[in-house]
**Q** 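The structure is given below, and queries will be raised subsequently.
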Amino acid sequence: MNDEWRTISYRKAISALKRQKKPITSYQEAIKIRGIGDRTAEKIAEIIETGNLRRLQHFSEDDEVIKKFSDIWGVGSAIAMKWYAKGYRTFDDIIQNVKLTRVQRIGLECFDDLRERIPRDEVTEISKRVEEAACRIDPKLLCITVGSYIRGKPTCGDIDILITRNNTDGKTSSGPFLKLLNTLREQGLLTHDLTKHQEENATSRYFGICKLPGGEKYRRIDLFTVPFNELGAALLSFTGNDIFNRSMRLLARKKKMKLNNHGLYKNISRGRGGDSLTEGTLIAQRTEREIFDALGVPWR
DNA sequence: GGGCTGTACTG
DNA sequence: CAGTAC
DNA sequence: GCCC
DNA sequence: AGGTG
DNA sequence: CACCT
């Protein structure tokens, strides 16, 4: 089933609903909202009037199985459906019959913990530990916890920490980055690596799992090292949420520009598939404000 | 009808 | 490359 | 799915 | 991963 | 094996 875009559309609708200040009480109110069309407004109306949605009753256990499989980190829709097609229905079936990848084994091992959201205070605590370790390696390292945390959410799905360093003295954060990871591993804060840090080619993004000493749950953590000049673009990108990012990037695209986590580029020409044919010219990356201005978007 | 963000990592 | 994830 |  | 030389 | 997709 090719429900990819429908899924994205629903997520957009949910996001739009959450942004509403007042509860929606009718079809008419719902359909006025950008991102909610006739089909979704009808479903909203049914929920308002009857308290539930009949179509949900038709959800089969098959759908539940596929959904649960794809909740494993490292398992997406393609693999979930493949497993289902082979007749597997439970985690036990999977463990018995499938040769799991390294990250899938970890995802399964930590499955229950990773489904839980993280209380804001715990994100603060974990961030503090990362920051202290970073500071001991190089006092000029700057750590910023981004993602839903920086958006002020009371709970977070994971912990995203951006690491940079004022490079006016010629040094960046990419060297200390690997050292930081090792320190955090030695401390026992980082418990599992989801990205494999191949010795030589240092990557700029680390995905892993951590646990506070004496903590109860495994938590997903992402660390990024970012060139100081790109900080604005990185903040914009890693602060999200994803729907906001997509709208900004789409706006850039309409203006023959391109926005990514490194910066904003102009004079982009694109092919049929939407892929850039031109490198374009970098016009903003250092601050978020710069990028908003260059895009013609009012700052906050 | 046809598009719908852009990038990095894994195997 | 397809798949996954951010 | 929604929107142009 | 699978395919190539 | 290194390299491509």
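Basis for what follows: all heavy atoms, side chains included, without hydrogens, waters or symmetry-related copies. Below, read A as the first sequence line, B as the second, and so on, with proteins coming before strands; counting in each chain starts at 1.
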**Q** Under 4.0 Å, counting only non-hydrogen atoms across every strand here, what does A:Asp242 touch: a base, just sugar-phosphate, or nothing?
**A**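 No contact.
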**Q** Looking at A:Lys12, does any N or O in its side chain come under 4.0 Å of the phosphate oxygens OP1/OP2 on B:dC4?
**A**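 For A:Lys12, the contact criterion (side-chain N or O under 4.0 Å from OP1 or OP2 of B:dC4) is not met.
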**Q** Can you find a side chain N or O atom of A:Arg270 that sits less than 4.0 Å from OP1 or OP2 on B:dT5?
**A**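 Looking at the OP1 and OP2 atoms of B:dT5, neither is under 4.0 Å from any side-chain N or O of A:Arg270.
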**Q** I want to verify a distance call: between B:dC4, B:dT7, C:dT4, whose nearest atom is closest to the A:Arg205 side chain?
**A**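 Taking heavy atoms from C-beta onward, the closest nucleotide is B:dT7.
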**Q** Looking at the rings of A:Phe69 and A:Tyr88, which for Trp means the six-membered one, are their centres under 6.0 Å apart?
**A**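 Centroid separation for A:Phe69 and A:Tyr88: 6.0 Å or greater.
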**Q** Given the P atoms of C:dC6 and F:dA2, what is the spacing between them in whole Å?
**A**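 About 31 Å, rounded to a whole number of Å.
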**Q** Give me the distance, rounded to whole Å, that separates C:dA5 from F:dC1 when you measure between the P atoms they each carry.
**A**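 Rounded to whole Å, the distance is 30 Å.
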**Q** So A:Phe238, base contact, sugar-phosphate only, or nothing? Heavy-atom distance under 4.0 Å.
**A**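 Nothing: the residue A:Phe238, judged by heavy atoms under 4.0 Å, touches no strand.
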**Q** Taking atom NZ as the centre, does A:Lys266 end up with more than 12 heavy-atom neighbours from other residues, nucleotides or ligands that are less than 6.0 angstrom away?
**A**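 Atom NZ in A:Lys266 is not packed in, count stays at 12 or less.
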**Q** For B:dT5, does OP1 or OP2 lie under 4.0 Å from any side-chain N or O of A:Asn245?
**A**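 Checking B:dT5 against A:Asn245, no side-chain N or O comes under 4.0 Å of OP1 or OP2.
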**Q** With C1' as the reference atom in both, quote the distance from B:dC9 to E:dA1 in angstrom, rounded to an integer.
**A**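 To the nearest whole Å, 14 Å.
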**Q** Identify whether any heavy atom of A:Ile72 sits under 4.0 Å from a base atom; if not, whether one sits that close to sugar-phosphate; answer base, sugar-phosphate or nothing.
**A**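 Sugar-phosphate: the residue A:Ile72, judged by heavy atoms under 4.0 Å, touches backbone atoms but no base.
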**Q** Check whether the aromatic ring of A:Trp5 stacks on the base of B:dC4, taking stacking as ring centres less than 5.5 Å apart and planes within 30° of each other.
**A**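 A:Trp5 ring centre within cut-off of B:dC4 base, planes near parallel; stacks.
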**Q** Under 4.0 Å between a side-chain N or O of A:Arg220 and OP1 or OP2 of C:dC6?
**A**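 A:Arg220 to C:dC6 OP1/OP2: side-chain N or O found under 4.0 Å.
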**Q** Nearest heavy-atom pair of A:Gly263 and A:Gln285: which atoms, and what distance?
**A**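 Reported closest heavy-atom pair: CA-CB, 3.8 Å.
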**Q** Counting just side-chain N and O atoms, does A:Arg39 come under 4.0 Å of either OP1 or OP2 of D:dG1?
**A**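 For A:Arg39, the contact criterion (side-chain N or O under 4.0 Å from OP1 or OP2 of D:dG1) is met.
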**Q** If I pick the P atom on B:dA8 and the same atom on E:dG3, what distance separates them, to the nearest angstrom?
**A**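 E:dG3 and B:dA8 have their P atoms separated by 28 Å.
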**Q** Could you tell me whether A:Ser77 contacts a base, only the sugar-phosphate backbone, or nothing, with contacts defined as non-hydrogen atoms closer than 4.0 Å?
**A**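 Sugar-phosphate, backbone atoms only, no base.
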**Q** Would A:Val65 and A:Val75 show up in the same hydrophobic cluster when neighbours are defined by side-chain heavy atoms closer than 4.5 Å?
**A**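 Yes, because A:Val65 and A:Val75 connect within a single hydrophobic cluster, where side-chain heavy atoms sit under 4.5 Å apart.
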**Q** Starting at CG of A:Leu251 and ending at P of B:dC4, how long is that distance when rounded to a whole Å?
**A**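 To the nearest whole Å, that distance equals 14 Å.
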**Q** Under 4.0 Å, counting only non-hydrogen atoms across every strand here, what does A:Asn261 touch: a base, just sugar-phosphate, or nothing?
**A**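 Sugar-phosphate only.
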**Q** For C:dC6, does OP1 or OP2 lie under 4.0 Å from any side-chain N or O of A:Trp73?
**A**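 Answer yes for this pair, as a side-chain N or O of A:Trp73 is under 4.0 Å from OP1 or OP2.
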**Q** When you compare D:dC3 with B:dT5, how far apart are their P atoms, in angstrom units rounded to a whole number?
**A**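 Those two atoms are separated by 15 Å.
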**Q** Validate the cation-pi geometry between A:Arg120 and A:Tyr149: distance from NZ or CZ to the six-membered ring centre under 6.0 Å, angle to the ring axis within 45°.
**A**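 Verdict for A:Tyr149: a cation-pi partner in A:Arg120.
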**Q** Would you please confirm or rule out a distance under 4.0 Å between OP1 or OP2 of D:dC3 and any side-chain N or O of A:Arg6?
**A**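 So the side-chain polar atoms of A:Arg6 never come under 4.0 Å of the phosphate oxygens OP1 or OP2 of D:dC3.
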